[in-house]
Amino acid sequence: MGFIQVHIKSKEGACKMGTYIFLTLVAAEIIFTAFCILTRSDQQRVRSILRLAGFAFFVLLCTISLIEWTLRYYSLAALLLLLAILGVTTLKGKKVHKRPYTATYMVLRAIGMIVLFFICSLPSILFPQHGALEPTGEFQTTSACYSYTDTNRIETYSDKAAYRKLNVELWFPQHAEGPFPLILFSHGAFGVKTSNLSLFRELASHGYVVCSIDHTYQCLYTTADDGHTTLMDMGYMREVSLEDAYGDRENSYKLYQEWMDIRTADISFVLDHILAEVKDNQADGVYKLVDTQRIGVMGHSLGGSAALGIGRMREDVRAVIALEAPFLCDITGVEGGEFVFIKAPYPVPLLSVYSDQGWGILATAPQYAENQELLVSANPAVSTVHIAGVGHLSLTDLALESPLLTRMLNGRKSTTSSVSCLMTINRACLAFLDSYVKPYHKSTENRR
């Protein structure tokens, strides 16, 4: 498939309704404060009417569906409701208690209200409303969540000698007859199993079963089928945040081994568990849709590195997709201050996708040395896509869910829209998997 560089320019489509509401509230507060100062009065009745009008306007926006009533608006709605109740109380009172007027008091009160508006509007600003990317395939899709327990491993991040538990979610064609290829996904260092939801739904709509794994204690949070939520391990978070392959390769190599041992064992266990469920006549219907002979693995960042490792470890994996990920499993040690990589050619078809951030460090980052070598590979089954104008986290759905947070974490503004970027990833991954995983003929006969 070769090398593809994608340049896309378009406007960001995320709705900024939360920002607009916040700015409207700020403008109204400033105008009202100026009016109070000009009239040298605190205008309690006018303020009460404005509070009632503000809450009524918010309800109207919800009613006509300009505001999507979700968790992002709960705190703001609660504040507006409280202010409206106080307004009603004031208007119903027989006497209005007048406070001594001072311009300083009016300004300080306005500042306090603006701070409150900002705090309560923050969820809707950080996570604005956005339209989901509609799958383009012929199948309607659905999903199911499961919790698996690996009785062969003790949890690394716990001192309770408990077995390692993993939560997964499977996306698959609805009301369809299989079998369909199985694709496993591993999220990034601080990700969650829904990090690339638009990709999962797109693949499922084209006839794939996609299983995404929450790597317990290595994901931001994960919730089991019994409702128990486990947060990320703080020690692991510090390791990832402080790891520096430029300054201390020995320490990086040690951490890479630890992280990859856990991640690849997770992926392999989940895959084996699903394959066992396929043979169980009492298992849920989703497992009956799985074609055990057509398996692919993909991941983002640290998860992509684990997927690359699985591609070498398992004979039943037909292809691998790595979204901006180095070959950490291929590092065998450090000699002369440099990483030593496995010399054997990569055994299965591979698609690597890069943003500007990863693309810009391929030639300099020591952990990306093998990635750099593959750019000139003559192997037709090794493909590379560079999406210009985006950063590392733009390769996930966070770019769609929170453009502001993505920009902050990327450390740069994207010049390519999140919608265009994710659609490009969807098309590239689908085409690659259709070529190397979906066909019934064996594509791995000469892999080693």
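Just so you know, these numbers come straight off a predicted model, no measurement behind them. The figures that follow rest on heavy atoms only: side chains count, while hydrogens, waters and symmetry mates do not.
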With sequence neighbours left out, the residues meeting ring-ring contact (aromatic ring centres under 6.0 Å, His included) with Phe180 are Phe139
For Tyr157, the ring-ring contact (aromatic ring centres under 6.0 Å, His included) test, sequence neighbours excluded, returns Tyr217
Check residues 79-86 and write down every donor-acceptor pair under 3.5 Å in which the side-chain atom is one partner and the other belongs to a residue at least two apart or another chain.
none

Suppose we screen for side-chain contact (heavy atoms from CB on, under 4.5 Å). Which residues come up paired with [X], at least two apart in sequence or across chains?
X      : answer
Ala144 : Tyr146, Phe172
Thr136 : Glu202, His206
Leu362 : Tyr354, Trp359, Tyr368, Asn371, Gln372, Leu375

Are there more than 12 heavy atoms of other residues, nucleotides or ligands under 6.0 Å from atom CE of Met423? no
Applying side chain to side chain contact (heavy atoms under 4.5 Å, CB included) to Val270 and Cys211, what does each step give before you reach the verdict? CA-CA 9 Å; Val270 169; Cys211 176; 3.8 Å; yes
Sorted by chain and number, sequence neighbours left out, side chain to side chain donor-acceptor pair (under 3.5 Å) with Thr141 holds for none
Residue set satisfying side chain to side chain donor-acceptor pair (under 3.5 Å) with His215, at least two apart, ordered chain then number -> Ser186, Asp266
Check whether any side-chain heavy atom of [X] lies under 4.5 Å from a side-chain heavy atom of [Y], and answer yes or no.
X      : Y      : value
Phe341 : Glu370 : yes
Leu182 : Leu271 : yes
Asp150 : His273 : no
Thr424 : Thr416 : no
Val209 : Ile183 : no
Val385 : Leu351 : yes

Can you give each donor-acceptor pair under 3.5 Å made by side-chain atoms of residues 398-407, sequence neighbours left out, with the distance rounded to 0.1 Å?
unit_1: Ser402; atom_1: OG; unit_2: Leu126; atom_2: O; d: 2.2
unit_1: Ser402; atom_1: OG; unit_2: Leu405; atom_2: N; d: 3.2
unit_1: Thr406; atom_1: OG1; unit_2: Leu398; atom_2: O; d: 3.1
unit_1: Thr406; atom_1: OG1; unit_2: Ala399; atom_2: N; d: 3.3
unit_1: Thr406; atom_1: OG1; unit_2: Ser402; atom_2: O; d: 2.8

Step-by-step side chain to side chain donor-acceptor pair (under 3.5 Å) determination, Arg164 to Thr149: CA-CA 6 Å; Arg164 183 155 174 82; Thr149 300; over 6 Å; no
The complete set of salt bridge (Lys or Arg N to Asp or Glu O under 4.0 Å) pairs with one or both residues in residues 343-353, sequence neighbours excluded, reads none
Here the salt bridge (Lys or Arg N to Asp or Glu O under 4.0 Å) pairs for residues 231-252, sequence neighbours left out, are Arg249-Glu338
Go through the steps for Asp356 and His386 under the test side chain to side chain donor-acceptor pair (under 3.5 Å), then give the verdict.
-> CA-CA 7 Å; Asp356 281 345; His386 168 211; 2.7 Å; yes
Would you please say whether a donor-acceptor pair under 3.5 Å links the side chains of Tyr208 and Asp434? yes
- Message: If you apply the rule side chain to side chain donor-acceptor pair (under 3.5 Å), what do you find for Thr223 with Asn167, and how did you get there?
- Response: CA-CA 7 Å; Thr223 302; Asn167 303 313; over 6 Å; no
Residues pairing under ring pair (Phe, Tyr, Trp, His ring centres under 6.0 Å) where one sits in residues 293-334, two or more places apart or in two chains, turn out to be His300-His392, Phe327-Tyr346
